[in-house]
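Proteins get letters first, then strands, A, B, ... in listed order; numbering begins at 1 in each. Only heavy atoms go into these numbers, but all of them, side chains included; no hydrogens, no water, no symmetry mates. Predicted model, so just to flag it, every value in this text is computed and none were measured.
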Amino acid sequence: MAQIIVVTSGKGGVGKTTSSAAIATGLALKGKKTVVIDFDIGLRNLDLIMGCERRVVYDFVNVINGEANLNQALIKDKRCDKLFILPASQTRDKDALTKEGVGRVLDDLAKDFDYIVCDSPAGIEQGAMMALYFADIAIVTTNPEVSSVRDSDRILGMLQSRSRRAEQSLEPIKEYLLLTRYSPARVKTGEMLGVEDVKEILAIELLGVIPESQSVLKASNSGVPVIIDQESDAGLAYSDTVARLLGEDVPVRFITEEKRDSLKGYLVANYVDT
Amino acid sequence: MSILDYFRSNKKTNTASLAKERLQIIVAHQRGERGAPDYFPKMKQEIIEVIRKYVQISDDQVSVQLDQNDDNLSVLELNVTLPESK
């Protein structure tokens with residue numbers, strides 16, 4: 001039986017799609033058969049981040065409406081044969097995702113896959129609620145910034161009251177914090193909320209910290225999930241995150257300032273060169 | 001940024017702790033309303049308006065809390081701070 005993971009946040013632009021693409025790819029690289037679904041109906045972008053935008057023929061809504069079957073709509077990833085992408089539709093119909101329809105598609109996928117990663121849209125509208133409704137695990141993607149933390153707390157409330165597990169009084173969704181765009185240097189100078197601050201406010205288990213990194217933009221420019229770039233700190237941080245998701249005990253990296261960023265390091269770097 | 005600026009920013013502006021304080025307050029408030037039925041905010045507003053017919057009070061002088069004690073019992077707690085009568 002597949003585990004259903006929702007990557008959610010409430011706030012937009014915090015890195016849900018980047019994280020969905022990276023985590024799904026990471027799970028597949030670890031040998032888990034994984035499908036990643038774009039729930040952002042009308043504004044699909046996961047296909048671009050995964051680099052398969054020119055291979056989209058049928059989409060999620062086509063499958064729900066019976067206009068295509070799953071095999072026609074699923075796109076097989078070119079880098080990893082355990083990974084599949086189900087793109088969102090570009091329709092403007094906001095109610096295209098019904099509980100029955102989404103439930104049926106997820107049931108079908110669950111027979112065949114180990115992990116189903118649901119990339120939620122921002123907000124608390126239909127698409128976001130459908131992405132979280134069937135989840136077993138929630139990865140609450142948060143930036144160390146006030147509006148993102150507040151919205152994450154709102155989404156935690158939704159997970160606890162509006163999900164299938166809540167409605168049917170089952171064991172609650174397992175909630176994890178994924179802190180993205182983290183800048184240790186700014187935390188040190190007191191300009192940015194630290195890992196411990198955000199953990200204390202949201203009171204959920206930490207799954208990973210992804211440092212602010214130029215490699216994320218480079219990866220999205222080229223349509224390659226950032227986890228593939230194992231020379232970048234963000235790529236390595238996502239690998240750690242996936243390992244933790246699979247139950248491995250991995251220490252958190254990239255949350256303290258690197259030496260060359262410290263004042264001493266700064267002086268050394270500047271004066272040794274000249 | 002000069003080295004002087006570096007020290008200055010370190011001393012004066014620890015905005016992260018300000019952010020944390022503000023978030024702790026707003027999140028505690030949000031959690032108080034979590035799990036309440038959809039009619040709750042409107043009911044709270046109407047209760048305040050009824051009280052206002054008789055006493056002048058502001059919104060923050062009234063606290064309305066719904067506690068789910070167990071499956072069969074919910075308690076609606078209403079606290080009103082009345083102004084001193086002259």
Neighbour count >12 (heavy atoms, 6.0 Å) for atom CD, B:Glu77: no
Other residues, nucleotides, ligands: >12 heavy atoms within 6.0 Å of A:Glu171 CD: no
Spatial distance of atom NZ (B:Lys20) from atom CD1 (A:Ile201) [nearest 0.5 Å]: 6.5 Å
Atom CZ of A:Arg154: over 12 foreign heavy atoms under 6.0 Å: no
Which atom of A:Leu193 lies closest to which atom of B:Ala19, heavy atoms considered: CD2-CB, 4.0 Å
Beyond-backbone contact of A:Asp197 with B:Leu23, side-chain heavy atoms, under 4.5 angstrom: no
Over 12 non-hydrogen atoms of neighbours within 6.0 angstrom of CD in A:Glu167: yes
B:Arg22 atom CZ, neighbour heavy-atom count above 12 within 6.0 Å: no
Proximal component of A:Arg162, with respect to chain B [non-hydrogen, under 4.5 Å]: side chain
Distance-only side-chain donor-acceptor flag, B:Gln30 / A:Arg150, under 3.5 Å: yes
